[in-house]
Each structure stands twice: as C-alpha cells, then as structure tokens.
Amino acid sequence: MCGRYTLRNSKAVKEKHLLNIDVSYNIAPSQQVLTQTSSPTFMNWSYNPNWAKTPMNLINARSETLNVKPSFKMAKRCLIVADGWFEWLRTNHSKQPYFFHMNDDLLSFAGIYTEYNGEKGCAIITKESTKHLSEVHHRMPVIIADDDADSWLSGEDVFDSKLSENIDYYPVSTIVNSPRNNNIDCIKQISTAI
DNA sequence: CCAGACGTTGTT
DNA sequence: GTCTGG
DNA sequence: CCAGACGTTGTT
DNA sequence: GTCTGG
C-alpha cells in the first residue's frame, strides 16, 4: 500500500506546477500534501465521506472497490504529487523499510478527496503490486502517467500504467519509521545484510 | 420496513 | 491492546 | 504507515 | 447519502 511517501524534487515541481514547495523525505498521513485537481491544491492526507458522523481518516482506497463502496461514491478525483514512497517488509520479528522510486522523477498517485468539515482531505488509490514489487509488499499506489492525468481526473479508471514497471526499490534505514525524522537519511540506501 | 454500517492495512 | 498524532 | 500515548486530582 | 442485515 502506501502510507508514507516523498516529494524531494522541488525543481521538477517548480517546472511542472509553477510552485515553490518545501521538500519532504517523509510525508505521513494527516499532513498537508500537494495534489493536482484542476489546479495545484494542498489538502490533508486523510479522507472522510462527507456524511461521516465521526471521522474515518482513510489514507488509502482500493481501486478494486472504488466504484462499489458507499464511502467513495461522493469522491472527487485528484492526483497526488510525489517522487517516491515507502513500504515495510515484515518478517517474523522485524520490519524493514524500503524506498520505491523512479530516480527522482515526479510520480502522480491516483487520489480521491472530499471536503469534510470545511477542509479538503484525500486518500491514495491502491492496487495489487506488479510482480517485481510484490517481494516487498502486495499492495502499491496506482500511478498515473502524465498522458492519463486528464482521463483519471475526468472519471476514467486508468489503473495500469506501464510506469509501474519502471519503479526501483532498495532498503533504507529505520530512521524513516518515525514521521518526525525528515532528512535525506530517510532515503539513503543501506545494505540488506544488517 | 428500519437500524446500522459505511475503510484500509495486516494478521490470525 | 488500541487509539491518536505526525 | 509507524511511534507513542494511554489518567486523575489539585496546585502552580 | 447509500447499502446490507435483520
């Protein structure tokens, strides 16, 4: 799935979105994140159906059930601007974080959002991992190619970008585990043999 | 019909 | 164990 | 997603 | 708001 990601390439964001951003090596749920709707929009990474009496604070939504679940019926669509994400490989007694990326290219995650209590909040759409990524984790974010951006935003379910095949990954320090840590060490490759 | 849930992840 | 905060 | 808190009283 | 369970 995707519960932590990065946005490091401020130069690319400036070129593409005409926006100066604070880079982050460790974007966590409940933070304000950069998305694209009809224009660049900052919103809370935390999604709630607009009828929810108590907040659900969802951070992911399964692509498989996007058009089925009542909680997503009223969702509007966005793209979430990123350039990498983290997954944790769970083994018997340890959790090893891995960083997934396409060098420092920008990635667009498929997202949905609502306005809840007067604030926009979003979730990242997930799908079954492609084969080469599934060794670490069986879910991954839906990545939208630039050519498909308008299709996604206008209601088309483009869940199978070829970009998924170009993703690389490597293990990183558990420094990234704490959302309080936000520096380049979060994405520094470590040896697998610890 | 009304009441009550509505989601994801992983883990058991 | 479970919820909240980041 | 993971980390870290999780409670009450009264007093300062 | 809308679906499922009783």
Side-chain angles (χ1 to χ4, degrees), chain A residues 1-8 21-35 42-78 80-101 107 109-130 133-143 157 159 167 169-183 185-188 190 194:
Chain A
M1 52 124 13
C2 184
R4 214 72 79 74
Y5 68 94
T6 62
L7 186 54
R8 306 158 284 149
I21 52 143
D22 293 327
V23 301
S24 180
Y25 298 92
N26 201 349
I27 298 172
S30 80
Q31 294 180 359
Q32 289 295 117
V33 298
L34 176 61
T35 73
F42 286 92
M43 56 178 88
N44 190 9
W45 182 11
S46 183
Y47 174 96
N48 289 288
N50 50 19
W51 42 255
K53 290 190 185 77
T54 55
M56 294 171 82
N57 296 326
L58 303 177
I59 64 169
N60 293 135
R62 294 174 68 91
S63 55
E64 296 91 334
T65 55
L66 189 61
N67 301 307
V68 182
K69 299 290 188 181
S71 293
F72 304 138
K73 280 276 157 69
M74 76 302 296
K76 291 179 240 176
R77 291 178 169 210
C78 64
I80 294 167
V81 183
D83 54 20
W85 77 94
F86 300 95
E87 304 283 5
W88 280 259
L89 175 63
R90 290 155 182 276
T91 53
N92 289 337
H93 285 291
S94 68
K95 256 184 322 190
Q96 174 60 52
Y98 282 76
F99 181 54
F100 291 74
H101 64 93
L107 300 169
F109 296 150
I112 54 172
Y113 73 99
T114 57
E115 195 157 324
Y116 184 71
N117 290 340
E119 188 187 16
K120 290 189 176 76
C122 62
I124 295 172
I125 309 300
T126 66
K127 64 175 204 169
E128 196 67 22
S129 287
T130 52
L133 303 186
S134 62
E135 290 181 18
V136 176
H137 197 81
H138 71 108
R139 304 291 297 174
M140 67 179 288
V142 170
I143 297 169
D157 287 346
F159 294 146
I167 300 294
Y169 64 87
Y170 56 75
V172 294
S173 158
T174 53
I175 283 174
V176 73
N177 286 15
S178 174
R180 304 179 63 160
N181 296 327
N182 186 348
N183 58 62
D185 289 340
C186 291
I187 64 162
K188 188 174 161 194
I190 63 163
I194 308 163

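Lettering of chains follows the sequences in order, A, B, ..., and the numbering in each one begins at 1. For the numbers below, each heavy atom of this structure counts, side chains included, while hydrogens, waters and symmetry mates do not. Since we're looking at a predicted model, the values are computed, not measured.
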If one requires at least 3 consecutive Watson-Crick or G-U pairs with distances under 3.5 Å, the stems of DNA chain C turn out to be C:1-6 with D:1-6

Euclidean distance for P, B:dC6 against C:dC3 (whole angstrom) = 14 Å

Which of residues 22-29 of chain A sit near DNA chain C, with a heavy atom under 4.0 Å from it?
-> A:A28, A:P29

Check: A:K95 side chain, A:L89 main-chain N or O, donor-acceptor pair, under 3.5 Å | no

For A:W85 and D:dC1, are the ring centres under 5.5 Å apart with planes inclined under 30°?
-> no

How far, in whole Å, is D:dC1 from B:dT9 if one measures between their P atoms?
-> 8 Å

Side chain of A:H138 (C-beta onward), nearest among B:dG10, D:dC1, B:dT8 = B:dG10

Would you indicate, yes or no, if B:dT9 has its OP1 or OP2 atom less than 4.0 angstrom from a side-chain nitrogen or oxygen of A:T126?
-> yes

Under 3.5 Å, is there a donor-acceptor pair between the A:S173 and A:D185 side chains?
-> no

Would you say B:dT9 has OP1 or OP2 under 4.0 Å from some side-chain N or O of A:R62?
-> yes

Quick one: label A:M56 by what it contacts on the DNA or RNA (base, sugar-phosphate, nothing), any heavy atom closer than 4.0 Å.
-> base

What distance do A:I80 atom CD1 and A:T35 atom OG1 have between them, rounded to the nearest 0.5 Å?
-> 7.0 Å

Could you give the CG-to-C1' distance, from A:L58 to B:dA5, as a whole number of Å?
-> 13 Å

Go through the steps to decide whether A:L66 and A:F159 satisfy the test side-chain contact (heavy atoms from CB on, under 4.5 Å), and finish with yes or no.
-> CA-CA 11 Å; A:L66 189 61; A:F159 294 146; 4.1 Å; yes

Find the distance A:R4:CZ to D:dA3:P and express it as a whole number of Å.
-> 8 Å

Considering only NZ, NE, NH1 and NH2 on the basic side and carboxylate oxygens on the acidic side, decide whether A:R77 and A:D157 come within less than 4.0 Å.
-> yes

Find the distance A:N57:CG to C:dT2:P and express it as a whole number of Å.
-> 18 Å

Taking only the side-chain heavy atoms of A:W51 (C-beta and beyond), determine which of B:dG7, D:dC2, B:dC6 contains the nearest atom.
-> B:dC6

May I ask you to say what A:S30 touches in the nucleic acid, namely base, sugar-phosphate or nothing, with a heavy-atom cut-off under 4.0 Å?
-> base

Counting just side-chain N and O atoms, does A:R90 come under 4.0 Å of either OP1 or OP2 of D:dC2?
-> yes

Spacing of the C1' atoms in B:dG10 and D:dC2 (rounded, Å) | 13 Å

Sidechain-backbone polar pair: A:R62 side chain, A:I125 backbone, donor-acceptor under 3.5 Å | no

Whole-Å gap separating P (B:dT8) and CE (A:M140) | 17 Å

Short question: side chain of A:S46, backbone of A:S30 - any donor-acceptor pair under 3.5 Å?
-> no

Please work out which of the three classes, parallel, tilted or perpendicular, describes the rings of A:F99 and A:H101, given edges at 30° and 60°.
-> parallel

State whether A:K69 places a side-chain N or O below 4.0 Å from either non-bridging phosphate oxygen (OP1 or OP2) of B:dC6.
-> no

Other residues, nucleotides, ligands: >12 heavy atoms within 6.0 Å of A:K120 NZ = no

Contacts of A:Y5 that satisfy ring-ring contact (aromatic ring centres under 6.0 Å, His included) - sequence neighbours left out = A:W45, A:F109

Select base, sugar-phosphate, or nothing to describe what A:F86 touches, counting heavy atoms under 4.0 Å on all strands.
-> nothing

Return the value, rounded to whole Å, for the distance between atom CD1 of A:I112 and atom P of B:dG7.
-> 11 Å

Whole-Å gap separating C1' (B:dG7) and CG (A:L66) | 12 Å

Could you state the atom-to-atom distance from CZ of A:F109 to P of D:dC1 in whole Å?
-> 15 Å

Out of D:dC1, D:dA3, B:dT8, which nucleotide sits closest to the side chain of A:K95?
-> D:dA3

Taking CD from A:Q31 and C1' from D:dC1, how many angstroms apart are they, rounded to a whole number?
-> 11 Å

Pick base, sugar-phosphate or nothing for A:T174, based on heavy-atom distances below 4.0 Å to the nucleic acid.
-> nothing

Can you tell me if A:N26 uses its side chain to pair, donor with acceptor, with the backbone of A:V176 under 3.5 Å?
-> yes

Could you tell me whether the side chain of A:Y47 and the main chain of A:S71 form a donor-acceptor pair under 3.5 Å?
-> yes

By side-chain hydrogen bond (donor to acceptor under 3.5 Å, both in side chains), which residues pair with A:E128, not counting sequence neighbours?
-> A:R139

Would you tabulate the pairs of protein nitrogen or oxygen atoms and nucleotide nitrogen or oxygen atoms of nucleotides 3-6 of chain E closer than 3.5 angstrom?
unit_1 : atom_1 : unit_2 : atom_2 : d
E:dC3  : OP1    : A:K73  : NZ     : 3.3

Whole-Å C1' distance, B:dG7 and E:dT2 | 15 Å

For A:A61, answer base if it contacts any base atom (sugar-phosphate contacts may also be present), sugar-phosphate if it contacts only those atoms, and nothing otherwise; contact means non-hydrogen atoms under 4.0 Å.
-> sugar-phosphate

What pairs of donor and acceptor atoms, side-chain ones from residues 110-118 of chain A against any protein atom, are under 3.5 angstrom apart with sequence neighbours left out?
unit_1 : atom_1 : unit_2 : atom_2 : d
A:T114 : OG1    : A:N48  : O      : 2.5
A:Y116 : OH     : A:A52  : O      : 2.8

